[in-house]
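Read the structure below first, then the notes.
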Amino acid sequence: MRAYRLGRLLVAALAVAGLALVGAGATRLPVRPPQPDGTAAPHRTVPAPHLPPLPRAVPVEVRIPAIDVRAPLVSVAADAAGALEVPPLDRPAVAGWYRLGVSPGETGNAVLVGHVDSPAGPAVFFNLGRLRPGDTIEIVRTDARLVRFAVLGVEAYPKDRFPTDLVYGPGDAAGLRLITCGGRFDGDSGEYVDNLVVFASRAA
Amino acid sequence: MKATRFLVPAAGGVALGALLLPGTALADTTVSPPTTPVGGTVVLTATGCNPKSGDAIFRVTGPDRDQNVRSTTAAAGGGLSAELFTAGFTLGTYTVAATCGDGTPDGSATLTVTPIGGAEAGGRAGDDGVGTMATGATLLATALGGAVILARRRRHAVTAATH
């Protein structure tokens, strides 16, 4: 009879501990970042307004009203392995401008990069997947110019098939590319499997 | 009328001059692909160079580089070509200008050396709660199994006591 009581106690303890762990785990499940619906053609040719290219100037802020983003920009380049640097993870609300490329408004594609999330939760580019063609992206530069871009489309690419030419390649007009992570989160590598790219062209 | 007579030949002369002046010749130098991650190989081609005139020289200038590359092969579509390995290149945009073996320039093209791959722009914690939930579910399953065993033993004990 005593063994039976001990058994009941053990079963109850296991059940309570199990329920507690399931509950604790459920509260830590991260929110999945929105993904593009794939209906937009991200690199289609659109009749862009005739705008003279701007001279080079460092961009200092990015604003995306459709997803409530207003973030300072820091300059980034590449690490020793040749991979694109990202802003420091302890400043998840900051985005980076790839300074070895053109600046926003110059002829060519300017590139911005930002985290999708951080250990603290969603980061500056968490909602890029919600952007739709026609949404506005504004860049403030050190020369006090505000450059407006219109979103052409949003696309997700596996990281091992990143479209280098579409992102960094030359262009006849001023373009903008925003990069973050997306797709499935691989718990083993601790990384998302895709990169999400926003394609935009200068509108004003 | 006089103006027309003057303008038409003048315009023709300007167009002909543009075609003949070496400095305004069509760009006969190509880089394929024009954009490569650092460490990639690109093919430089001077389509306007005659291989019989000798090797073409491709001058590659950019952020911290001024390098001459000599053509190695006759290009399939005409002209001369060479491979350029971009390991160690500083990221950025380079100008590739070709000069044919006879000394005539053959135009220029740009090459953009980019970062490798995409960006590691996700930073959430590796433990996303799934492991914790799995451990909890295992404990719950064990508790359920134990409860079943206890119930069976109790039923056996009651049955034995009534017989």
Side-chain angles (χ1 to χ4, degrees), chain A residues 4 7-8 10-30 77-78 81-86 89 92 98 100-101 108 113-119 121 123 125 157 159-160 162 164-165 167-170 179-182 185 187 190-192 194-195 197, chain B residues 31-40 62-64 86-93 109-154 156-158:
Chain A
Y4 178 76
R8 282 180 61 182
L10 184 61
V11 165
L14 284 173
V16 168
L19 281 172
L21 286 174
V22 168
T27 60
R28 288 164 62 184
L29 282 177
L84 179 64
E85 283 179 337
V86 292
L89 198 52
Y98 176 62
L100 302 178
V113 60
H115 287 288
V116 68
D117 55 17
S118 75
F125 281 173
Y157 300 92
K159 284 181 178 171
D160 57 357
F162 187 76
T164 299
D165 196 41
V167 173
Y168 297 102
I179 307 172
T180 192
C181 277
F185 183 78
E191 282 293 341
Y192 288 91
D194 293 343
N195 271 133
V197 181
Chain B
V31 179
S32 180
T35 303
T36 180
V38 62
D64 63 349
T86 63
F89 273 49
T90 298
L91 306 190
T93 301
T110 58
L111 162 67
T112 305
V113 179
T114 75
I116 298 171
E120 299 299 345
R124 82 185 201 193
D127 177 14
D128 54 7
V130 174
T132 309
M133 288 178 70
T135 306
T138 304
L139 289 182
L140 277 175
T142 308
L144 184 65
V148 168
I149 292 168
L150 284 176
R152 281 184 179 169
R153 282 191 178 176
R154 185 174 173 78
H156 283 307
V158 169

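Source: prediction; values computed, not measured. So you know, we letter chains A, B, ... as the sequences are listed, proteins then strands, and number each from 1.
What you find for B:Thr112 and A:Pro170 is that their closest heavy atoms are OG1-CD, 4.5 Å. When all heavy atoms of B:Thr35 and A:Gly169 are compared, the closest pair comes out as OG1-CA, 3.4 Å. Nearest heavy-atom pair across B:Gly118 and A:Asn195 is CA-OD1, 3.0 Å. Listed here is the closest heavy atom pair of B:Ala121 and A:Cys181: N-SG, 3.0 Å. Across all their heavy atoms, B:Pro115 and A:Ala83 have their closest contact at CB-C, 4.1 Å. Of all the heavy atoms in B:Pro37 and A:Thr164, the pair that sits closest is CG-OG1, 3.9 Å.
Side-chain N or O atoms of A:Asp117 include none that pairs as donor or acceptor with a backbone N or O of B:Gly122 at under 3.5 Å.
Atom OG1 of A:Thr180 and atom CD of B:Glu120 lie 11.0 Å apart (nearest 0.5 Å).
Proximity to chain B (any heavy atom under 4.5 Å) is restricted, for A:Val86, to the side chain, taken from C-beta onward.
By the ring-ring contact (aromatic ring centres under 6.0 Å, His included) test, A:Tyr168 pairs with A:Tyr98, sequence neighbours left out. Under the rule for a side-chain hydrogen bond (donor to acceptor under 3.5 Å, both in side chains), the partners of B:Asp64 that lie at least two apart in sequence or sit in another chain are B:Thr90.
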